[in-house]
Amino acid sequence: MSRPLRLAISGASGRMGRALLSLLGDDTRFELVHAMVAPGSAHTGQPVFVGRADSLRYAHDWMHAPAPDVVIDFSGPAALATALDYCLMHGTALVSGTTGIDAALETRLADASKRIAILRAANFSLGVVLLKRLLREAAAALPGWDLEIVEAHHGRKQDAPSGTALALGHAAAAARHTTLEAAAVYSREGQTGKRVDGSIGFAVVRGGDIVGEHMAMLIGQGERLELGHRATDRSIFARGALQAAHWLVGRAPGQWQLDDVIATPH
Ligand code: NAD
């Protein structure tokens, strides 16, 4: 049997980090070797529980990370940038679900993917991968129908619209031979005038403990097609990220997607 993959988690004390830790207790494919948290976090130096008490302790830097095969990052843009530096320096594969990334970091990630394997997804659920495929097909087949994307998340979410909503918008725009930059309408207030033909509208709901909901509405005359996905448990994202990490180790440098993981099982 091959040895377990050595895994580091960036954002280990967060909601997603904890979901990963709770799955790792039963997952013999991985050995957790590093658990990164924010500088100043109360977790620093505390023991990490992976199903059981472990000798590993939370760290707030990469200095003593013991050569992981892969890093899974669910943190924030600043922490992702630091994880990326580490991965580039050591040739380590990187899986990231962090959203809210600016253009400069996008460019750095694209450059880095010439040297290391990077897999990013705004949503690590299998259902959302399928939602995106279905939306692409529907947007192309019904080019004259108005498209609106509505998303809902818990009230602590930092960015809007969600990375998943934007990814859905990009997919639909490409299927209609345009770009989201050209088609998106992110807010409506006051005297908006009539809806612009071909635009893609976004609406955002925030509150309570909503894990993540996305609905794409294709609105025609007298009928409406609704393609929706509801996540009820964030462990689906953690499960998808672990599957992606297992798949990514040993792949060529590049920007990989969850679609690739599903299309090409290990
Ligand atoms: P969270 O706020 O609960 O946790 C953030 C984690 O990052 C914490 O462990 C924190 O210590 C760490 N961190 C923050 N700043 C840091 C820094 N500068 N250096 C090192 N570590 C730092 O957040 P969350 O709900 O776990 O979400 C994290 C990210 O993942 C967000 O961008 C969120 O939108 C995204 N997310 C993606 C998916 C997906 O499927 N792609 C699913 C859920 C959340």
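These numbers come from the heavy atoms of this one structure, side chains and all, not from hydrogens, waters or symmetry mates. When a ligand or atom number is given, it counts from 1 through the structure's own listing order.
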*asked:* I'd like to check whether Arg15 has a polar contact with ligand 1, where a contact means an N/O of the residue lying under 3.5 Å from an N/O of the ligand.
replied: yes

_Just verifying a value: how many Å separate Thr178 OG1 and His170 NE2, rounded to the nearest 0.5 Å?_
11.5 Å

_Ligand-side contact atoms (ligand 1) for residue partner Pro39, heavy atom cut-off under 4.0 Å_ = 17 (C), 18 (N), 19 (N)

_Considering non-hydrogen atoms of the protein only, which is the closest contact for atom 19 (N) of ligand 1, and what is the distance?_
Ala79 CB, 3.3 Å

*Given side chain to side chain contact (heavy atoms under 4.5 Å, CB included), test Val71 with Trp62 step by step and report yes or no.*
CA-CA 11 Å; Val71 172; Trp62 287 97; 3.7 Å; yes

*Please work out which of Leu80, Thr99, Val37, Thr164 has its closest non-hydrogen atom nearest to atom 20 (C) of ligand 1.*
Val37

*Who's the nearest protein heavy-atom neighbour of atom 12 (C) of ligand 1, and how far?*
Gly11 CA, 3.7 Å

*Touching ligand 1 at all, Thr82? Heavy atoms, strictly under 4.0 Å?*
no

_Is the contact between Phe124 and ligand 1 made by the side chain, the backbone, both, or neither, using heavy atoms and a 4.0 Å cut-off?_
both

_Side-chain (Arg29) to main-chain (Pro4) donor-acceptor, under 3.5 angstrom_ = no

*Identify which of Ala38, Ala19, Gly40 has a heavy atom lying nearest to atom 22 (C) of ligand 1.*
Ala38

_Using heavy-atom distances only, which candidate in Gly17, Gly14, Ser75 approaches atom 28 (C) of ligand 1 most closely?_
Ser75

*Nearest heavy-atom pair of Pro161 and Tyr186: which atoms, and what distance?*
CG-CD2, 3.8 Å

*How long is the span from the CZ atom in Arg251 to the CG atom in Leu119, to the nearest 0.5 Å?*
10.0 Å

_Just to be sure I read this right, does ligand 1 sit under 4.0 Å from the backbone of Ala121, its side chain, both, or neither, counting only heavy atoms?_
backbone

*Is there a heavy atom of Ala12 sitting under 4.0 angstrom from any atom of ligand 1?*
yes

_Heavy-atom gap Gly100 to ligand 1 smaller than 4.0 Å_ = no

_Cluster link Ile200 to Leu218, ILVMFWY, side chain under 4.5 Å_ = yes

*Select the closest option to atom 35 (C) of ligand 1 among Gly76, Gly97, Ala42, judged by heavy-atom distance.*
Gly97

_Salt bridge check, Arg108 against Asp102: does any charged N sit closer than 4.0 Å to a carboxylate O?_
no

*Can you check whether Asp233 reaches Val211 side chain to side chain, under 4.5 Å on heavy atoms?*
no

_Atom pair CE/CZ of Met215 and Arg230 - distance to nearest 0.5 Å_ = 6.5 Å

*Hey, is ligand 1 close enough to Met16 that some N/O pair sits below 3.5 Å?*
yes

*asked:* Arg120 vs Glu106, test: salt bridge (charged side-chain N to carboxylate O under 4.0 Å, His left out). Steps then yes/no.
replied: CA-CA 11 Å; Arg120 289 165 60 214; Glu106 284 290 353; 3.0 Å; yes

*Protein contact of atom 38 (C) of ligand 1 - nearest heavy atom, named by residue and atom, plus distance*: Phe74 CE2, 3.6 Å

*How close does the nearest protein non-hydrogen atom get to atom 9 (O) of ligand 1, and which residue and atom is it?*
Ser13 OG, 2.7 Å

*Flag Thr98 as yes when one of its N or O atoms lies below 3.5 Å from any N or O atom of ligand 1, and as no otherwise.*
no

*Quick one: are Arg133 and Ile262 in side-chain contact, heavy atoms under 4.5 Å?*
yes

*Any heavy atom of Ala122 sitting closer than 4.0 Å to ligand 1?*
yes

*Would you mind running through ligand 1 and noting each atom that sits below 4.0 Å from a heavy atom of Lys157?*
34 (O)

*Test: Asp159 and Lys157 ion pair at under 4.0 Å*: yes

